[in-house]
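One is the number of the first residue; the rest follow in order along the sequence. In listed order, ligands and their atoms are each counted from 1.
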Amino acid sequence: MATFKAAYQVLADSLAERGVDISAVKKALKAQWIETPSWGYADSGTRFKVFRQTGAAHTTKEKLQDAAQVHKYTGVAPSVALHIPWDKVDDYAELSAYAASLGLKLGAINPNLFQDNDYMLGSLCSPSASIRRKALDHCLECVEIAKTVGSNNISLWLADGISSPGQDDFRDRKHRLQDTLHELYAAMPNPMRLLIEYKFFEPAFYATDLGDWASSILQAQKLGPRAMVLVDLGHHPLGTNIEQIVAFLIDEGRLGGFHFNNKKFADDDLTVGSINPYELFLIYNELVAGEQDPAVNMDVAYMIDESVNIKPKIASMIQSVVNVQEAYARALLVDRKTLKEAQASGDVVKAEETVLSAYRLDVRPLLAAVREEMGLAPDPLAAYQASGYYEKVCQERAGTAAGGYGFDGA
Ligand code: AFD
Ligand code: MN
Ligand code: MN
């Protein structure tokens, strides 16, 4: 990376020729805010096996320590999402102060409506009124935690669904969800937002109550302006055009958040950009178009939702943050004037080439320069791996209690 200065100057000169204000691009890159998930630092796995990692975090404070490493070397990951009860503590104010001592804020609060035996037939959609009450009370507990830690986002993923035809009535479940979300939303003080996450399948095998962006936006629109849709990249059937969904949600003013990851087959929660970096760029192309559109008001919570099972967690999280930064940088460098002209004239090849030419840019020297201006090492992964932090925590955590992610099989 020491040679990045020469490469940076070549890139800067070529962008200047295009009339690109590189200081504005750098300013946007420095302002990027990518939340990481507490659960991404703990042991995770599949229904077949959890391969425990010596250096994995077990307690919430260990997760925050690890998340602080990601922010220390990338400079753009200043908050950590919590998952309740995996991150349940007696004193959330103290936990928030501890996070602050590490240079972190506590971010989105994620209720867990999928690991209690009572939720076998659903939580907020359950046919049992007492179980819906239990699930709602848990969500209201998360609202109180959010108030205590100063978080403005409740990220709600429902595993609710039905696993065989005839098990329950589709519309009854939709109405139960409408009613329970209405009570939850009413308990959320302004400006707290409800980010409604959808997933097309699993763990239910026949139908999922919040299975696509339509089911999420329908619920959000019935609730009010602080109910938004959360897009998780791993939550779509193969071949789905996610960037089109993103554009539509931006246009409706209902894009509330992202859970970035990547997948080869399903909801694999792999390192962001590790399978399909072009898709990630095309998503960011829509995000930047929205950001730069004065008619659009965007307030999007960007979070990485990954659980890499056999890679070291912190290193993978840094890879993910860097890949998100690079996608954003390339999207900021799309020549939108030329693109609009090519689209308007129906010059299909020129329009595609305009998008592709931004994607083909090597933006690593630009990001290295940004990091240097932020007082950071130009290569965050190399700097972290050379720091000895991982070796230190492997020694400290060897043999400590399991847990953290909450898998029964863990
Ligand atoms: C699982 C779900 C969903 C949710 C996350 C945290 O698929 O993505 O956001 O757990 O609850 O990955
Ligand atoms: Mn998610
Ligand atoms: Mn998921």
- Query: Would you say ligand 1 has an N or O under 3.5 Å from any N or O of His235?
  - Reply: yes
- Mind telling me whether Phe248 and Trp213 have parallel, tilted or perpendicular rings, with 30° and 60° as the class edges? tilted
- Those atoms of ligand 1 less than 4.0 Å from some heavy atom in Trp39: 6 (C)
- Message: Does Lys350 have more than 12 heavy atoms from other residues, nucleotides or ligands lying within 6.0 Å of its NZ?
- Response: no
- Message: Geometry only, no angles: is His259 polar-contacting ligand 1 at N/O separations under 3.5 Å?
- Response: yes
- Message: List ligand 1 atoms under 4.0 Å from Asp269, heavy atoms only on the residue side.
- Response: 12 (O)
- So what does the His259 ND1 - the Mn ion (ligand 2) - Asp232 OD2 angle come to, to 10°? 110°
- Query: Taking heavy atoms and a distance under 4.0 Å, where does Glu202 meet ligand 1: side chain, backbone, both or neither?
  - Reply: neither
- Ala56 and Ala42 have their tightest heavy-atom pair at CB-C, 4.3 Å
- Query: With a 3.5 Å cut-off and no angle check, do the side chains of Thr60 and Tyr98 form a donor-acceptor pair?
  - Reply: no
- Query: Do the two ring centres, one from Tyr41 and one from His83, sit under 6.0 Å apart?
  - Reply: no
- Closest by any non-hydrogen atom to atom 4 (C) of ligand 1: pick that one out of Asp268, Leu156, Asn112, Asp305. Asp305
- Residue Glu197 atom name (nearest to the Mn ion (ligand 2); N/O/S): OE2
- Would you say His235 reaches the Mn ion (ligand 3) with an N/O/S atom under 2.8 Å? yes
- Atom of Asp267 nearest the Mn ion (ligand 3) (restricted to N/O/S, atom name only): OD2
- Item | Closest approach to the Mn ion (ligand 2) by Asp305, given as the N, O or S atom name | OD2
- Task: Give a yes or no on this: more than 12 heavy atoms of other residues, nucleotides or ligands lie within 6.0 Å of atom CG of Asn190.
- Result: yes
- In ligand 1, the atoms that come under 4.0 Å of a heavy atom of His83 are 6 (C), 11 (O)
- Is Glu279 salt-bridged to Lys263, cutoff N-O under 4.0 Å? no
- Task: Answer yes or no on whether Lys392 is positioned over the face of Tyr390, meaning its NZ or CZ is under 6.0 Å from the six-membered ring centre and within 45° of the axis.
- Result: no
